[in-house]
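Reckoned from all heavy atoms, side chains included, excluding hydrogens, waters and symmetry mates. Letters go in sequence order (proteins before strands), and every chain restarts at 1.
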There are 2 protein chains.
Amino acid sequence: MTTIQDVARHADVSTSTVSNVLNGRADRMRPETRQRVEAAIEALQFRPSKLAQQLKTGHTPLLGLLVPSMSNPMYGFIAREVETFAQDRFGLRLLIGSTYRDAAKEAAFFEDMLSHGVRRVIVISSLADERHLERAVERGMSVMSYDRRATLGQKTGVGHVTPDNFEAARLAADHLIAHGHQRLAFVTVSGMTMSRSDKIAGFRAAAEAAGLSKSAAVLDGGTLDEYGDSVIAEVGRATGLQLAADPKRPTGIVALNDLMALGLMAGLREGGLRVPQDVSVVGIDGLFLAALSNPGLTHVQMPIREMAHAMVEAVATDGAAPREQLFSQVRLVERESVAPPPGPKKSPSKARP
Amino acid sequence: MTTIQDVARHADVSTSTVSNVLNGRADRMRPETRQRVEAAIEALQFRPSKLAQQLKTGHTPLLGLLVPSMSNPMYGFIAREVETFAQDRFGLRLLIGSTYRDAAKEAAFFEDMLSHGVRRVIVISSLADERHLERAVERGMSVMSYDRRATLGQKTGVGHVTPDNFEAARLAADHLIAHGHQRLAFVTVSGMTMSRSDKIAGFRAAAEAAGLSKSAAVLDGGTLDEYGDSVIAEVGRATGLQLAADPKRPTGIVALNDLMALGLMAGLREGGLRVPQDVSVVGIDGLFLAALSNPGLTHVQMPIREMAHAMVEAVATDGAAPREQLFSQVRLVERESVAPPPGPKKSPSKARP
DNA sequence: TTGAAAGCGCTAACAA
DNA sequence: TTGTTAGCGCTTTCAA
């Protein structure tokens, strides 16, 4: 491996001179010297070891990203946006880890990041508390958390970026209501997270505003095991199957997210129901896969890219970018999974009971 | 930050003694000494800096993974398997990069890996030549390439793991043929890669064996732009739409991969055709998403996890594991996207012309 | 059984 | 304008 010493020798200068050209301090030397150094670098194909640079400076151009599972298309998309932006804009490479929603794995990731000298981490966690994140901050890390609001009135070193989950679910429920649905349901999985409760609140607010509180239910489809990605679709499918067998089922359903909505549609179909003729479904997220489903899934699009960029900016510019952000640009994308409710119902225009 | 010096001072020993307990050489000291050191480590919450260790030893417990795009569910799945296995089995963390199928980005990734001291890299590349990989090997890297066979008779430092693409496509085409299809097509995108040509060969072999060569076509759906993941589904959809308008269209289609198959089905549907009543579709890959589509996508399942593990093993054990492997355990998973061809056709049992 | 010391490749005072 | 030098935190001879 070529070192800075080799270059110095080759160019007949000292290592500090080489270091100076490496670090943009070429003004401190004669142009001729600089050229000799550059020629030597080129000739020897010298690439400074980031390892050594890091050891010396304490900084490493690495960004840590912790997701529940990389194979979940949603997290995959976020990861891609984070990686591309971090690299193009700040020259940061991405160190990624899947936690499978396991606290021990999450803690181990932080330990490793620390010992690797990584001081910037973005976390998508569904863990109940944030204490391990706080501890990382105390140890000198800059950490941004996705999809969790800051706990009210609690000062923290951890920054937060989150979409407007309340509004997203409200929009989804409203869309169903506007089509005349009166028996509504929000389908989720076991375990309450901040974003889930925000969505539920949004869903309930829409129902209430339409005077439908009594016929709006929140359905818990079951537990997510460690692999939480294809699994969430499975939970959706099981729920769909169950719903199909229930004569008092809702006619309009808001799903926790797109993957669950896709599973739900599959389950409903397996149970002999048609979407949207028998049941309407709305997802939340904005996955491109929603455009491929049959029927195309109507969903609420979250500003994923913007949020990914905001998180990168926050950890990369330490302090210069806002660390608490709510992204409210959620919008409904209409496809074919929503229609008026079936049967002898009033028409949408006079749907109020 | 706590250093080995702090620990040594706290335990009243030398740094070498601390280093010895850190590296499992506790036999070289009195149990009492060892205990003092361990107590100090615990008390100070000391975690050795991997940075410094790396600089000294030249090894870093990092694995590089280069994929075309992390947001492609297929690559996301591979990435997850690679990461989990590398971490659980070898304690390796994952440094990941998306290339968007761009040669410059790919080269830059290798440069960075090198300067970070990363010596193990797994690459999923669709670039035409492998010279940049060879160069990395020459510079001391251990690299495994996915989905590309070694070029025949060319000795190389780059290892290869690939599924049996020929067999996968053959299986898919055979399945269609067994259902009585006579007008077959393989739908792909522009640009030939090794795995694509293997699939095409397998498809053709099946057609030929059934005496259907003349009515088996290879369709190029168009170019993949830099974002090649949702895009491949778009290409599929466009192709489906086009096919729907063609009265001489094939009745049985093998898609390059599952994502393309999903897009194809959406396009066919948009064009007014029903799958499988009008056109049958078979995918290749084994994405869990295929189970959610409507109709459920029949596809050929590749042994992704096994291949991911094999690649990790090959780079992690340098030399101890085989570096050239073909995974032949491909199998057809039947769902609902295949049926006998429509119209006044012979029945499947006497389909041979 | 333990410690002193050299050095991995680099940066950045400080000197010259 | 250029060079000398002291580390960054660790591992590993070699000596005591």
Side-chain angles (χ1 to χ4, degrees), chain A residues 1-38 40-41 44-62 111-119 139-140, chain B residues 1-38 40-41 44-62 111-119 139-140:
Chain A
M1 190 200 179
T2 314
T3 76
I4 200 174
Q5 308 259 20
D6 300 328
V7 177
R9 213 170 307 138
H10 190 104
D12 200 28
V13 295
S14 74
T15 59
S16 38
T17 297
V18 179
S19 173
N20 280 335
V21 348
L22 246 34
N23 294 283
R25 287 182 290 258
D27 50 314
R28 296 197 197 169
M29 68 196 75
R30 291 212 309 270
E32 189 234 275
T33 310
R34 176 212 182 133
Q35 304 218 327
R36 272 219 316 288
V37 173
E38 282 172 343
I41 290 177
L44 270 42
Q45 283 285 312
F46 170 67
R47 297 285 173 278
S49 158
K50 306 237 183 214
L51 240 46
Q53 288 180 321
Q54 289 157 217
L55 184 56
K56 185 64 196 172
T57 62
H59 301 130
T60 158
L62 253 27
E111 283 294 338
D112 265 23
M113 290 304 99
L114 236 12
S115 72
H116 273 288
V118 178
R119 325 187 114 270
R139 300 219 244 162
Chain B
M1 189 201 180
T2 314
T3 75
I4 199 173
Q5 308 260 21
D6 300 327
V7 176
R9 213 170 306 138
H10 189 106
D12 201 28
V13 295
S14 73
T15 59
S16 32
T17 297
V18 179
S19 174
N20 281 335
V21 346
L22 247 33
N23 294 283
R25 286 181 292 257
D27 50 315
R28 295 196 196 171
M29 68 195 74
R30 292 211 308 271
E32 189 234 275
T33 309
R34 177 212 181 132
Q35 303 217 329
R36 272 218 317 288
V37 173
E38 283 172 343
I41 290 178
L44 271 43
Q45 282 285 313
F46 170 67
R47 296 284 173 279
S49 158
K50 306 236 184 214
L51 239 47
Q53 289 180 319
Q54 290 157 216
L55 184 57
K56 187 62 195 172
T57 63
H59 301 130
T60 158
L62 254 26
E111 283 294 339
D112 266 22
M113 289 305 98
L114 237 11
S115 73
H116 273 287
V118 178
R119 324 185 115 270
R139 298 220 245 163

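- For B:Lys56 against D:dG9, no side-chain N or O and base N or O form a donor-acceptor pair under 3.5 Å.
- Residues B:Gln5 and B:Thr15 approach most closely at OE1-CG2, 3.6 Å, considering heavy atoms.
- Considering only the side chain of A:Leu55, D:dG9 comes nearest among D:dT1, D:dG9, D:dC10.
- Put simply, the side chain of B:Val37 does not reach to within 4.5 Å of the side chain of B:Asn20, judged on heavy atoms.
- Taking atom CD of B:Gln53 as the reference point, atom P of D:dG9 lies 13 Å away to the nearest angstrom.
- Between B:Thr2 and B:Gln45 there is no side-chain heavy-atom pair separated by less than 4.5 Å.
- Taking atom CD on A:Gln5 and atom P on D:dT5, their separation rounds to 13 Å, with Å as the unit.
- At the phosphate of D:dG3, OP1 or OP2 sits under 4.0 Å from a side-chain N or O atom of A:Ser14.
- Here the P atom of nucleotide D:dG3 and the CZ atom of A:Arg9 are 14 Å apart, to the nearest Å.
- Each of A:Thr57 and B:Thr15 has a nearest nucleotide on DNA chain C; the 5'-most of these lies closest to B:Thr15.
- Contacts between chain B and DNA chain C, taken as any atom within less than 4.0 angstrom of a protein heavy atom, begin and end at C:dT1 to C:dG9.
- At least one side-chain heavy atom of A:Leu44 sits under 4.5 Å from a side-chain heavy atom of A:His10.
- The number of heavy-atom neighbours closer than 6.0 Å to CZ of A:Arg34, taken from other residues, nucleotides and ligands shown, is 12 or below.
- In the region residues 19-30 of chain A, proximity to DNA chain C at under 4.0 angstrom, judged on heavy atoms, holds for A:Ser19, A:Leu22, A:Asn23, A:Arg25.
- For the pair B:Asp6 and B:Met1, the tightest heavy-atom approach, listed with the atom from each and the gap, is OD2-O, 3.8 Å.
- The two atoms that bring A:His116 and B:Lys50 nearest to each other are NE2-CD, 3.7 Å, heavy atoms only.
- Residue contacts for A:Thr33: at a heavy-atom cut-off of 4.0 Å it reaches the sugar-phosphate backbone alone, with no base atom in range.
- Among the heavy atoms of the strands lying under 4.0 Å from A:Ser16 is at least one base atom, whether or not backbone atoms are also near.
- Electrostatic pairing of A:Arg139 and A:Glu111 counts as a salt bridge here, judged by a charged N lying under 4.0 Å from a carboxylate O.
- With contacts defined as side-chain heavy-atom distances shorter than 4.5 Å, the pair A:Leu51/A:Leu55 does not qualify.
- Look at NE2 on A:His116: it is 15 Å from C1' on D:dG9, rounded to the nearest Å.
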